[in-house]
Amino acid sequence: QKKIIFLFVLLTILLFLMQSYGGDLPSNASAYFYVGYFTTPLIISGLIASVTYLLMRKPPKQVRKLNKYFKD
């Protein structure tokens, strides 16, 4: 779970940096523009982190079959 949180934070920072690299914020824009501007990287990184969590949580059947051979 810590890896997923780290992935979320890393993706959010990366997307914010990529978004702000292109230029400055436009002036005199509506509040809805700024809400969308700042929440878009959060939503995208949240979707990627949740898909990654779902894929890591449910291992494939082949991995489950191998687990019975390597019991602790």
Side-chain angles (χ1 to χ4, degrees):
Q1 191 174 11
K2 290 181 182 181
K3 291 179 184 179
I4 301 299
I5 294 171
F6 177 74
L7 176 69
F8 174 75
V9 170
L10 181 71
L11 283 174
T12 303
I13 291 171
L14 181 69
L15 288 172
F16 272 131
L17 290 175
M18 287 174 32
Q19 185 176 5
S20 64
Y21 181 72
D24 294 332
L25 283 172
S27 59
N28 298 329
S30 68
Y32 297 109
F33 171 79
Y34 294 112
V35 169
Y37 186 83
F38 289 113
T39 58
T40 301
L42 291 171
I43 292 170
I44 292 172
S45 59
L47 286 173
I48 293 172
S50 63
V51 167
T52 305
Y53 174 73
L54 288 175
L55 291 176
M56 289 176 61
R57 193 180 77 169
K58 301 268 185 174
K61 290 181 183 179
Q62 296 156 345
V63 175
R64 279 189 243 139
K65 289 178 183 177
L66 287 175
N67 283 339
K68 68 181 176 182
Y69 296 114
F70 298 105
K71 290 184 179 179
D72 289 334

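Throughout, numbering of the chain's residues begins at 1 and tracks the sequence. Quick note: numbers below take in every heavy atom, side chains included, and nothing from hydrogens, waters or symmetry partners.
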Tell me which donor-acceptor pairs under 3.5 Å the side chains of residues 3-19 have, and how far apart each pair is, sequence neighbours excluded?
| residue | atom | partner | partner atom | Å |
| --- | --- | --- | --- | --- |
| T12 | OG1 | F8 | O | 2.7 |
| T12 | OG1 | S45 | OG | 2.8 |
| Q19 | NE2 | Y37 | O | 2.9 |

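- In this structure, L47 belongs to a hydrophobic cluster whose other members, linked by side-chain heavy atoms under 4.5 Å apart, are I43.
- Of all heavy-atom pairs between V35 and T39, the closest is O-OG1, 2.7 Å.
- F38 meets the ring-ring contact (aromatic ring centres under 6.0 Å, His included) test with no other residue; sequence neighbours excluded.
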